[in-house]
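Keep in mind the model is a prediction, meaning the values are calculated, not measured.
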Amino acid sequence: MTQISASLVKELRDRTGAGMMDCKKALSENNGDIEAAIDWLRAKGLSKAAKKAGRTAAEGLVGIVTGGASGAIVEVNSETDFVARNEQFQKMVAGIASLAIQADGDTEKLAAMTFPGSKLTVEEYIKEMIATIGENMTLRRTAALSVDTGAVVAYVHNKVVDDLGKIGALVALESEGKADALAELGRQIAMHVAATKPIALNIDGVPAEVLEREKGILAEKNQGKKPEVLAKIFQSSLKSFAKEHCLLDQPSIYDTSKTVAQMVKEAEKDVGAPIALKNFVFYVLGEGIEKGDDDFAAEVAKMSGG
């Protein structure tokens with residue numbers, strides 16, 4: 001039987017992040033061949049990942065990256081907030097975010113890209129991290145914004161480390177004005193977005209199904225009224241709906257006497273050029289994910305008597 005040195009075990013552990021006993025067993029199973037041991041651990045990691053894949057991952061981090069006139073956002077989930085505070089996990093999310101502008105909002109494309117500093121795809125890298133850390137993890141979604149001239153500006157709320165947190169917002173501003181003034185305006189608007197969570201830039205961008213739902217609610221409240229009367233009521237209600245849910249029509253959180261559209265217009269003086277607020281996107285960590293009975297955090301609490 002091949003003698004496995006402590007230094008060889010350490011090298012394998014450093015390269016894979018796997019546990020010491022797993023590394024020792026991998027080397028023993030492969031006669032001290034470190035490359036074969038890596039493959040052995042990868043195969044074992046995929047097996048572990050498969051067992052954990054059904055567990056709900058609703059924690060994790062939102063990551064953001066910007067580069068002048070472009071920017072992107074990702075959400076990578078874990079089962080517990082404890083893992084979200086793990087430096088390995090944070091570095092993984094940051095690495096995935098660094099690729100996101102190139103993926104241009106395509107999650108499948110992002111998952112198939114090579115993770116920085118490795119020969120693995122993002123999808124494969126996540127599976128290895130599942131085996132190493134011991135929780136299910138998923139690359140849930142990504143989005144990207146860009147403008148021809150101007151800036152895409154980010155804001156991260158509940159920041160854990162730079163560009164990683166629980167809520168992330170991106171704002172795209174088109175302008176040929178001063179970069180620093182434009183960036184400051186963008187940050188203010190991104191903070192507004194994180195606070196108010198608008199559903200569209202303006203009323204034209206509101207999904208048809210959302211407007212139909214509003215129509216249904218109004219019809220229920222105004223039963224018996226003629227269709228033409230209902231139509232007028234609905235048109236009037238759109239203004240109130242826009243003030244609440246559409247970014248350009250919302251009162252600014254900095255001065256509620258002005259809308260965001262007015263805020264942008266007034267900023268043109270400092271920027272020194274016309275400004276067009278072209279788009280925005282924001283992610284709230286775990287939004288829309290239903291936690292099932294397999295919730296890992298609850299499971300741990302139950303086991304520990306919590």
Side-chain angles (χ1 to χ4, degrees), residues 49 52-67 70-81 83-84 86 89-116 120-130 133 135-146 152-172 190 193-201 205-207 209-210 245 247 278-292 294-296:
K52 295 173 174 66
R55 299 207 304 227
T56 303
E59 296 293 339
L61 289 169
V62 171
I64 278 185
V65 61
T66 56
S70 60
I73 185 170
V74 300
E75 180 181 348
V76 183
N77 297 121
S78 61
E79 292 179 60
T80 65
D81 183 59
V83 164
N86 179 299
F89 182 80
Q90 292 170 7
K91 286 182 177 179
M92 181 183 75
V93 178
I96 294 171
S98 72
L99 303 170
I101 290 178
Q102 300 170 55
D104 196 27
D106 187 328
T107 305
E108 289 186 9
K109 182 178 178 181
L110 180 56
M113 294 173 75
T114 303
F115 187 85
L120 306 177
T121 66
V122 167
E123 183 177 18
E124 290 168 342
Y125 194 90
I126 291 173
K127 286 180 178 178
E128 292 217 343
M129 285 290 285
I130 291 171
I133 293 179
E135 278 194 19
N136 188 27
M137 301 172 201
T138 58
L139 168 58
R140 185 186 181 198
R141 52 183 174 166
T142 184
L145 297 179
S146 64
V152 173
V153 188
Y155 170 70
V156 176
H157 190 62
N158 288 340
K159 185 172 72 172
V160 176
V161 294
D162 287 347
D163 301 322
L164 300 177
K166 303 297 184 181
I167 299 175
L170 285 174
V171 170
V193 168
T196 64
K197 302 175 180 59
I199 63 175
L201 194 62
V206 178
E209 61 270 21
V210 174
H245 299 290
L247 178 57
K278 302 297 288 186
N279 209 345
F280 73 94
V281 65
F282 72 93
Y283 285 171
V284 177
L285 179 67
E287 186 175 45
I289 298 176
E290 292 186 12
K291 292 189 178 183
D294 61 345
D295 177 37
F296 186 60

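- Residues meeting the side chain to side chain contact (heavy atoms under 4.5 Å, CB included) test with Ala200, sequence neighbours left out: Val206.
- Pairing each heavy atom of Gly286 with each of Glu75, the nearest pair is N-OE2, 2.9 Å.
- The shortest heavy-atom contact between Met92 and Met137 is CE-SD, 3.9 Å.
- In terms of heavy atoms, Leu201 sits closest to Phe280 at N-CE2, 3.6 Å.
- In Glu209, the CD atom is crowded: over 12 heavy atoms of neighbouring residues, nucleotides or ligands sit closer than 6.0 Å.
- Between the CG atom of Leu170 and the OG1 atom of Thr66 there is a distance of 7.5 Å, given to the nearest 0.5 Å.
- Scanning for salt bridge (Lys or Arg N to Asp or Glu O under 4.0 Å) contacts around Lys197 gives an empty result, with sequence neighbours left out.
- Taking CD of Gln102 as the start and CG of Leu110 as the end, the distance is 9.5 Å to the nearest 0.5 Å.
- Summarising the geometry, atom CD belonging to Glu108 is positioned 9.5 Å from atom CD belonging to Glu123; distances are rounded to the nearest 0.5 Å.
- Residue pairs that meet the salt bridge (Lys or Arg N to Asp or Glu O under 4.0 Å) test with at least one member in residues 157-167, sequence neighbours left out, are Asp81-Lys166, Lys159-Asp162.
- Between the CG atom of Leu139 and the CG atom of Asn77 there is a distance of 9.0 Å, given to the nearest 0.5 Å.
- Closest approach of Ala111 and Thr121 over heavy atoms only: O-CB, 3.6 Å.
- With sequence neighbours excluded, no residue forms a side chain to side chain donor-acceptor pair (under 3.5 Å) with His245.
- Taken to the nearest 0.5 Å, the CD1 atom of Ile126 stands 11.0 Å off from the CG atom of Leu120.
- Residues forming a side chain to side chain contact (heavy atoms under 4.5 Å, CB included) with Asp104 (at least two apart in sequence, or on another chain): Ala144.
- The side chain to side chain contact (heavy atoms under 4.5 Å, CB included) search around Ile101 returns Val65, Ser70, Ala72, not counting sequence neighbours.
- Under the 4.5 Å side-chain criterion, counting only non-hydrogen atoms from C-beta, Ile73 is in contact with Val62.
- Looking at heavy atoms from C-beta onward, Glu124 lies out of side-chain contact with Phe115 at the 4.5 angstrom threshold.
- Screening residues 280-289 for side-chain hydrogen bond (donor to acceptor under 3.5 Å, both in side chains), with sequence neighbours left out, gives no hits.
- The shortest non-hydrogen separation linking Ala190 to Val153 is CB-O, 4.3 Å.
- Gln90 is listed as a side-chain neighbour of Leu61, based on a closest heavy-atom distance under 4.5 Å.
- Distance alone, capped at 3.5 Å, is enough to place a donor-acceptor pair between the Glu135 side chain and the Glu79 backbone.
- Not counting sequence neighbours, the partners of Thr196 by the side chain to side chain contact (heavy atoms under 4.5 Å, CB included) test are His192, Pro198, Gln250, Ile253.
- When all heavy atoms of Gly60 and Ala84 are compared, the pair lying nearest together is O-CB, 3.5 Å.
- By the ring pair (Phe, Tyr, Trp, His ring centres under 6.0 Å) test, Phe282 is found to be paired with no residue, residues two or more places apart in sequence or in another chain being considered.
- Summarising the geometry, atom CG belonging to Leu285 is positioned 9.5 Å from atom CG belonging to Asn158; distances are rounded to the nearest 0.5 Å.
- Two residues are said to be in side-chain contact when any heavy atoms from C-beta on lie closer than 4.5 Å; Val76 and Phe89 meet this criterion.
- Ile130 is listed as a side-chain neighbour of Asn136, based on a closest heavy-atom distance under 4.5 Å.
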